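First comes the structure, then the notes that go with it.
Keep in mind that what you see is a predicted model, and the values were worked out from it rather than measured.
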Amino acid sequence: MSKYIIFLCLIVAIYSANIDAAVKYLESHAEKHSVHLCAGYVARALHAGGFQFKDQSAAYKYREKKILEAIGYKEISKPSSFKKGDITITEKNSAHKYGHMAMYSGKQWISDFKQRSEFVYDKKTQPPVHYYRYGN
């Protein structure tokens, strides 16, 4: 029985998602300025970290279709401090029809570019932001 448990643990370790690899990918591929492909960049980073899911055409769809929950993320209230791998999804609205998606590197928020904060829209047009954390 114990050999079986060790074998299962080994399989889980081999096929586990790797937040560090996802962040490394995102950091190395970030543009100098937004190219309006935030969800695609974050999705490719997650894939580079071993996460398996169907890419979506817009950031808000990752929330709407519960894609992050399906790969082991949980929605959380805004934390007092962010952890490497945390993801934000900003809802869509009339000013921002695709919403926005970004991942925290441990130092800063990155989408298709390195952001100054988790918010990318001005206060007048900022839709609600939702926070996700892997494995909690």
TODO: State whether a side-chain donor-acceptor pair under 3.5 Å links Asp112 with His33.
DONE: no
- [ ] Using a cut-off of 6.0 Å, state whether more than 12 heavy atoms not belonging to Lys78 lie near its atom NZ.
- [x] yes
Task: Glu27 vs Val23 side-chain heavy atoms within contact, under 4.5 Å - done: yes
Open item on the list: Can you give me the closest heavy-atom contact between Ser111 and Cys38, atom names plus distance?
Closed with: CB-CB, 3.7 Å
TODO: From the options Lys66, His130, Arg133, select the one residue that forms a side-chain hydrogen bond (donor to acceptor under 3.5 Å, both in side chains) with Glu75.
DONE: His130
- [ ] Kindly say whether Gln56 contributes a backbone atom to a donor-acceptor pair with the side chain of Tyr62 at under 3.5 angstrom?
- [x] yes
Task: Side-chain heavy-atom pair Ile67, Lys54 within 4.5 angstrom cut-off - done: no
Task: Joint cluster assignment, Val120 & Phe82, ILVMFWY side-chain distance < 4.5 Å - done: no
TODO: Taking the six-membered ring for Trp and the single ring otherwise, decide whether the centroids of His29 and Tyr25 are under 6.0 Å apart.
DONE: yes
Task: Approximate separation, where rounding is to 0.5 Å, of Leu46 CG and Asn18 CG - done: 11.5 Å
Task: ring-ring contact (aromatic ring centres under 6.0 Å, His included) evaluation trace for His47 with Phe53 - done: CA-CA 8 Å; His47 287 305; Phe53 57 91; 4.2 Å; yes
Task: Minimum heavy-atom distance between Lys84 and Ser105, given as atom pair plus value - done: CE-O, 3.4 Å
Task: Flag for Lys61-Ser57: side-chain donor and acceptor within less than 3.5 Å - done: yes
TODO: Provide the closest heavy-atom pair for Ile19 versus Gly85 in the form atom of the first, atom of the second, distance.
DONE: CG2-CA, 3.6 Å
TODO: Hey, could you give me the CD1/OH distance between Ile71 and Tyr132, rounded to the nearest 0.5 Å?
DONE: 11.0 Å
Task: Connected via hydrophobic side-chain network under 4.5 Å: Phe113 and Tyr98 - done: no
Open item on the list: Centroid separation under 6.0 Å, is that true for the rings of Trp109 and Phe119?
Closed with: no
Open item on the list: Over 60° means perpendicular and under 30° means parallel, so tell me whether Phe51 and Tyr134 are parallel, tilted or perpendicular.
Closed with: perpendicular
- [ ] Determine whether the aromatic ring centres of Tyr131 and Tyr73 lie less than 6.0 Å apart.
- [x] no
Task: Worked check of side chain to side chain contact (heavy atoms under 4.5 Å, CB included) between Ile110 and Val42 - done: CA-CA 8 Å; Ile110 305 173; Val42 174; over 6 Å; no
Task: Within 6.0 Å of OH in Tyr121, more than 12 heavy atoms from elsewhere - done: yes
- [ ] For Arg63 and Glu91, work out which heavy atoms get closest and say how close.
- [x] NE-OE2, 4.2 Å
Open item on the list: Any donor-acceptor pair under 3.5 Å linking the side-chain atoms of His96 with those of Thr125?
Closed with: yes
Open item on the list: Side chains of Met101 and Tyr60, heavy atoms from C-beta outward: is any pair under 4.5 Å?
Closed with: no
Open item on the list: To check you understand the geometry: which heavy-atom pair defines the closest contact between Met103 and Leu26, and what is its length?
Closed with: CB-CD2, 3.6 Å
Open item on the list: What I want to check is whether the side chains of His100 and Glu118 have a donor and an acceptor closer together than 3.5 Å.
Closed with: no
